[in-house]
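Counting convention: from 1, in listed order, for ligands and their atoms alike. Any value given below was found using the heavy atoms of this structure, including those in side chains, with hydrogens, waters and symmetry copies removed. Numbering of residues begins at 1 and proceeds along the displayed sequence.
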Amino acid sequence: MPQSRTAAARPVIAIAGLGIESSTFSPARTQASAFHPSRGAEVLDRYPFLAPGAELREAADWHGALVGKSLPGGIVTAAAWAELTDELIERLAALPALDGLWYDIHGAMTVEGVDDAEAVLLERIRATVGPDVLVSTSMDLHGNVSRALVHRSDLITCYRMAPHEDHMETKERAVRNLVDLLNVRACGAPRPVKAWVPVPVLLAGEQTSTRIEPARSVYAAVDEVEATDGVIDAAIWVGYAWADEPRNRAAVVVTGTDRDAVSAGAERLAQGFWKARHDFDFVAPTGTFDGILDEALASAERPYFISDTGDNPTAGGAGDVTWGLTRLLARAEFQDDDGPTVIYASVPGPASVETAVSAGVGATVTVTAGAEVDDRHAGPLTLTGVVHAIRHGDRDAETEVVIRVGSVYAILTRLRKPYHHEHDFTDLDLDPRGADIVIVKIGYLEPELFAMSAGWKMALTPGGVDQDLVRLGHRRIRRPLFPFDREMAEPDLSARLVPASDAPLTGDDE
Ligand SMILES: [Zn+2]
């Protein structure tokens, strides 16, 4: 047996990637600055498992190229794409010869004029670093996996939990598997075998949370397949429902050393997902916005959370839809200061924030916010109230203000921001645990909010990430596809063995 690499011969690995979920049903556009790119050595700071002294840090010679992650949003502009990818490629080209590359992406990026953006970028990366480099791709399970992306990767995996409590664990697994693979490759082992199965199902994340059935059991099988002899990694992608490209759908990939084992594992996972398709349901009871407000007012559960789902910024909504807050402020129950306390998060409105900041806490202001990007459902909202709080320096919002109108505490921001943590509220002198109702532009509640909620329902509201997928008007997705074609015939869920990254990809895409 050849010896494994010595410390002096540790593999040289680069890190690169861009991540966003971009909704093609939102009028918003995403610019380069939204990706907050890390460059060079600072890329390593993103990952605790690559901290100085950590085992994986010492196992290779790491080189950050460029890694950028954006909040979900609208389509990435062609100019932003050119700027970011040109810099990423230039930085890779300047690195020493590589043995491996970790491709850290999300997998649901839509770019003006580009289909299958992450596979296109990986093709450019391969053209730069050469065919011998081993690539490990790690993704969000709401990413999409084309045959081309599998082909250009040697290892490919994704999260196994939604909400993504295992996001860092997944990245670490992708990196560890890459280091292990480089070490066995140095001893002459072949590239991994990759079995891919596209599954003709496209569902919202809110219907596929792994906290509940059937996704819990469907995903539990991933660990069992991964534990099989001859398997390195196994993954199921739900896909991203709010973009309209042929690649948007669920998929399974199993990688390993044994053709039969990876094929059998991939087919098992694909069958499990397909068979559960009719059982996927929203993670919380759903209803109309006003209907749920009625139920919340009648309920004794406090605090009662309501997800205003159609404009969820963490799924790709523009974030500035005013429809929900407009309805809320029109309700008679909240007109008086001593009415039931409602917190509403949030609506961006830069001019309204500026006015509130100039006036100061305690002042009464009249401001207009929202509907600068997405005005299809309601126009800009004008409200008069008392400035309750002002906060500067947030990474996403930059500046946040709270305006109290009657018994409603409305959060307005300079830029859009997701509200996922208790401190997002308490930092604004708000007490979500003591409130009667908390309304958040979100889909499924993130863990802290979920733990805090006594009651919870999801309002099916309009916006760029409308949960009623079939009414959105997809045109380019591959059909038949569930639930667009509910009565479709049984699909071919046999495993497709995708050629190694250094062999040609032949045959039609499917
Ligand atoms: Zn996701």
Return a table of donor-acceptor pairs under 3.5 angstrom between the side chains of residues 459-472 and protein atoms on other chains or two or more places apart.
{"from": "Thr461", "atom 1": "OG1", "to": "Asp308", "atom 2": "OD1", "distance (Å)": "2.6"}
{"from": "Thr461", "atom 1": "OG1", "to": "Thr309", "atom 2": "N", "distance (Å)": "3.3"}
{"from": "Thr461", "atom 1": "OG1", "to": "Gly310", "atom 2": "N", "distance (Å)": "2.9"}
{"from": "Asp466", "atom 1": "OD1", "to": "Asp468", "atom 2": "N", "distance (Å)": "2.8"}
{"from": "Asp466", "atom 1": "OD1", "to": "Arg471", "atom 2": "NE", "distance (Å)": "3.3"}
{"from": "Asp466", "atom 1": "OD1", "to": "Arg471", "atom 2": "NH2", "distance (Å)": "2.9"}
{"from": "Asp466", "atom 1": "OD2", "to": "Arg471", "atom 2": "NE", "distance (Å)": "2.8"}
{"from": "Asp466", "atom 1": "OD2", "to": "Arg471", "atom 2": "NH2", "distance (Å)": "2.6"}
{"from": "Gln467", "atom 1": "NE2", "to": "Glu206", "atom 2": "OE1", "distance (Å)": "3.0"}

Ring geometry between His142 and His164 (parallel below 30°, tilted from 30 to 60°, perpendicular above 60°):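 Rings of His164 and His142: tilted, 30 to 60°.
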
From Leu481 atom CG to Asn248 atom CG, the distance as rounded to the nearest 0.5 Å: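 Spacing of CG (Leu481) from CG (Asn248) equals 9.0 Å.
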
Side-chain donor-acceptor pairs under 3.5 Å in residues 444-454, sequence neighbours left out?
{"from": "Glu448", "atom 1": "OE1", "to": "Glu422", "atom 2": "N", "distance (Å)": "2.8"}
{"from": "Glu448", "atom 1": "OE2", "to": "His421", "atom 2": "ND1", "distance (Å)": "3.2"}
{"from": "Ser453", "atom 1": "OG", "to": "Phe450", "atom 2": "O", "distance (Å)": "2.9"}

Of the protein N/O/S atoms, how many lie under 2.8 Å from the Zn ion (ligand 1):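 Step by step: take the Zn ion (ligand 1), keep protein N, O, S below 2.8 Å, and you get 4.
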
Carboxylate-amine/guanidinium proximity below 4.0 Å for Glu245 and Arg476: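 Salt bridge between Glu245 and Arg476, a charged N being under 4.0 Å from a carboxylate O: no.
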
Listed partners of Ala345 passing side-chain contact (heavy atoms from CB on, under 4.5 Å), at least two apart: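 Checked Ala345 against side-chain contact (heavy atoms from CB on, under 4.5 Å); matches are Ile411, Tyr419, Phe425.
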
